[in-house]
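Okay, so here's the structure we're looking at.
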There are 2 protein chains.
Amino acid sequence: MTDAQDRSSNTVANACERCSVRHRAMCAAVDFDHLGALEQIVSHRQFAPGQSIFDESEPADYVYNVSNGDVRLYKLLADGRRQITGFLRPGDFLGLVKQDTYAYGAEAIDAVELCCMRIVDLERLLREMPAVRDRLLDMSRDELAAAQEQMLLLGRKSAREKVLSFLLLRARHDLDLDEAESAALDLPMSRSDIADYLGLTIETVSRTFTSLKEEGLIDLPSAQHVVLPNIEAVEAAASAD
Amino acid sequence: MTDAQDRSSNTVANACERCSVRHRAMCAAVDFDHLGALEQIVSHRQFAPGQSIFDESEPADYVYNVSNGDVRLYKLLADGRRQITGFLRPGDFLGLVKQDTYAYGAEAIDAVELCCMRIVDLERLLREMPAVRDRLLDMSRDELAAAQEQMLLLGRKSAREKVLSFLLLRARHDLDLDEAESAALDLPMSRSDIADYLGLTIETVSRTFTSLKEEGLIDLPSAQHVVLPNIEAVEAAASAD
DNA sequence: GGCCCGCGTTGACGCAAATCAACGCTCGGC
DNA sequence: GCCGAGCGTTGATTTGCGTCAACGCGGGCC
């Protein structure tokens with residue numbers, strides 16, 4: 001295959017096969033023999049930090065898998081108040097909605113690379129590979145469980161509990177079931193993003209970080225790096241309090 | 001068919017065919033010819049007001065469709081704080097989770113009748129009728145969109161906006177796309193349920209109802225009956241404010 | 001029919017988090 | 001290397017909603 005052919009198809013040969021997040025993504029349900037069919041219908045797009053991927057209520061033509069970087073999903077009120085409904089990472093899925101418009105906006109937090117698929121192509125894929133539909137249903141149920149946990153946080157937790165829960169959520173994701181005692185977290189999103197995710201203001205988030213640091217529950221080598229020297233202590237503080 | 005046979009099979013002949021909420025439920029995706037197969041695997045259970053249907057973290061064997069009455073879904077914190085994540089009505093679905101335990105608790109608000117199905121039987125049904133899987137995926141996406149809207153409410157709206165949004169949500173559901181100018185709502189749940197759904201206290205909910213009444217935005221013939229004489233005015237108040 | 005008991009309402013007060021404001025640090029551009 | 005803008009932190013003050021408390025009402029039960 002020549003470079004020209006590569007470019008015209010807008011894919012890299014065997015890209016899906018070599019995709020580092022395939023096992024975590026929707027595509028995990030596509031068996032090895034059908035990866036070629038998958039590659040036929042996907043394309044890739046890059047987004048700069050802060051760039052919009054799509055807006056809420058925009059007509060939905062594509063669904064996306066995050067292959068690199070971090071994405072925020074959000075909803076807005078008329079006066080500009082914002083609620084971030086989720087942070088996505090490589091392997092996560094966005095854009096599937098029942099109606100023909102997106103139910104939320106999406107923006108790149110840092111440099112993002114997405115794997116894109118027309119919804120009509122996805123639907124054809126689903127018809128040909130029922131296992132992918134199972135996978136999507138499973139992923140949706142997981143998202144829903146996470147959303148319910150977030151409702152509990154937003155409706156019933158104090159600022160301190162919200163921040164601790166957020167840090168634990170990040171730590172658990174990074175460690176992925178591991179039973180580590182400590183964790184070093186990278187927070188690519190701004191304080192403003194964290195505040196809008198937790199239903200707080202940036203000032204309250206900042207003050208809470210500071211007071212957790214003073215208590216020794218966390219360490220803050222920089223604004224985007226948080227160290228949890230004792231995860232168990234953080235867990236105790238997050239639920240007890 | 002004799003009464004004895006009726007009882008032994010725990011179903012009523014043609015119950016699914018005559019089910020008044022079938023077109024709204026998961027079962028809408030089961031075509032007429034296969035209703036018999038559906039009936040083979042469903043049973044019915046009754047619940048008294050306040051009775052628990054299942055607890056959070058309980059092993060999940062069954063999924064349910066609400067055929068009559070109102071159900072609340074909730075999550076608890078260790079100290080008893082509660083967040084209601086949704087109110088269900090006839091036609092709604094509950095209990096499907098990826099892992100083998102429920103992600104939330106469920107209780108009957110008033111007299112409830114559920115249509116029950118073993119998860120293993122549901123899975124077999126899904127294999128035989130792919131359309132049901134599509135329907136479940138659609139319903140999950142709808143639930144997810146509702147959950148995101150609720151996150152916006154919980155994280156970013158004032159008490160007044162929360163109550164107004166709640167009333168509008170109920171009104172829209174009752175009218176079902178209708179363009180009525182006014183609405184009379186029945187609220188089967190208690191003030192405490194409403195408070196735990198909106199992330200408020202019962203006192204704040206009560207005070208907000210009272211002040212909306214004084215403004216003439218709503219009428220309160222009784223605690224469980226709310227009249228919206230001018231839906232547009234309520235919509236304006238819910239988003240502007 | 002009278003008496004509770006639970007639910008809803010109302011009032012007084014307190015507090016956690018929001019708001020308003022100022023300042024420092026870091027990083028990118030010239 | 002300097003400068004400015006954006007982000008994060010910190011401090012002072014306000015406020016919306018929670019907490020604590022009392023009371024009214026309606027419905028079920030004896």
Side-chain angles (χ1 to χ4, degrees), chain A residues 48-50 72 77 79-84 107 109-111 153-166 185-215 218-226 241, chain B residues 48-50 72 77 79-84 109-111 153-167 185-215 218-226 241:
Chain A
R72 58 177 172 252
L77 291 173
D79 61 4
R81 278 174 290 172
R82 181 178 68 156
Q83 178 65 40
I84 289 186
E107 290 169 352
I109 291 174
D110 45 19
L153 178 147
L154 290 168
R156 287 297 177 229
K157 291 188 185 176
S158 68
R160 186 186 150 92
E161 291 170 325
K162 285 176 175 180
V163 170
L164 287 169
S165 300
F166 170 67
L185 305 181
D186 177 52
L187 303 180
M189 70 291 289
S190 67
R191 291 291 185 268
S192 166
D193 287 342
I194 297 173
D196 285 349
Y197 181 61
L198 299 178
L200 299 170
T201 60
I202 49 177
E203 293 94 332
T204 298
V205 171
S206 181
R207 274 188 255 271
T208 306
F209 272 121
T210 303
S211 83
L212 293 176
K213 180 181 175 181
E214 281 166 0
E215 291 171 51
I218 67 171
D219 196 22
L220 281 171
S222 82
Q224 356 292 334
H225 293 93
V226 183
D241 188 13
Chain B
R72 58 176 173 252
L77 290 174
D79 61 5
R81 278 174 289 172
R82 181 178 69 156
Q83 179 65 40
I84 290 187
I109 291 174
D110 44 21
L153 179 148
L154 289 169
R156 287 297 176 228
K157 290 187 185 178
S158 68
R160 186 186 151 89
E161 291 169 326
K162 286 176 175 180
V163 170
L164 288 168
S165 299
F166 171 67
L167 293 175
L185 305 181
D186 177 52
L187 302 180
M189 69 292 289
S190 68
R191 291 291 185 269
S192 166
D193 287 343
I194 297 174
D196 285 349
Y197 181 60
L198 299 178
L200 299 170
T201 60
I202 50 177
E203 293 94 332
T204 298
V205 170
S206 181
R207 275 188 255 270
T208 306
F209 271 122
T210 303
S211 83
L212 293 176
K213 181 182 175 180
E214 281 166 0
E215 290 173 51
I218 66 172
D219 196 21
L220 281 171
S222 81
Q224 355 292 333
H225 293 94
V226 183
D241 188 15

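Below, each value reflects all heavy atoms present in this structure, side chains not excepted, and no hydrogens, waters or symmetry copies. Quick note on labels: first sequence line is chain A, next is B, and so on, each numbered from 1.
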So, taking the atom named CG in B/Leu187 and the one named NE2 in B/His225, what distance separates them when rounded to the nearest 0.5 Å?
8.5 Å
Upstream residue (5' side of DNA chain D) when B/Ala159 and A/Gln224 are each assigned their closest nucleotide:
A/Gln224
For A/Thr201, report the nucleic acid contact type (base, sugar-phosphate, nothing); a contact means any heavy atom under 4.0 Å.
base
Atom [atom1] of [X] and atom [atom2] of [N]: how far apart are they, to the nearest Å?
X: B/Leu187; N: C/dG8; atom1: CG; atom2: C1'; value: 13 Å
X: A/Glu161; N: C/dA17; atom1: CD; atom2: C1'; value: 14 Å
X: A/Leu220; N: D/dG8; atom1: CG; atom2: C1'; value: 11 Å
X: B/Ile194; N: C/dG8; atom1: CD1; atom2: C1'; value: 11 Å
X: B/Lys157; N: D/dG16; atom1: NZ; atom2: C1'; value: 18 Å
X: A/Ile202; N: D/dG11; atom1: CD1; atom2: P; value: 16 Å
X: B/Arg156; N: C/dT19; atom1: CZ; atom2: P; value: 9 Å
X: A/Leu198; N: C/dA18; atom1: CG; atom2: C1'; value: 15 Å

Among [options], the one nearest [X] by side-chain distance:
X: B/Thr204; options: C/dT9, D/dC17, C/dA17; result: D/dC17
X: B/Thr210; options: C/dA17, C/dT19, C/dT10; result: C/dT10
X: A/Glu203; options: D/dT19, C/dT10, C/dA21; result: C/dA21
X: A/Ser206; options: C/dG8, D/dT10, D/dC17; result: D/dT10

Classify the side chain of B/Arg207 and the base of C/dG11 as holding, or not holding, a donor-acceptor pair under 3.5 Å.
yes
Taking the side chain from B/Ser206 and the backbone from B/Ile202, do they hold a donor-acceptor pair closer than 3.5 Å?
no
Partner set under ring pair (Phe, Tyr, Trp, His ring centres under 6.0 Å) for A/Tyr197, not counting sequence neighbours:
A/Phe87, A/Phe166
Below 4.5 Å, heavy atoms only, C-beta onward: do B/Arg160 and B/Leu212 meet side chain to side chain?
yes
Nearest heavy atoms of A/Leu153 and A/Leu198, plus distance in Å
CD2-CD2, 3.9 Å
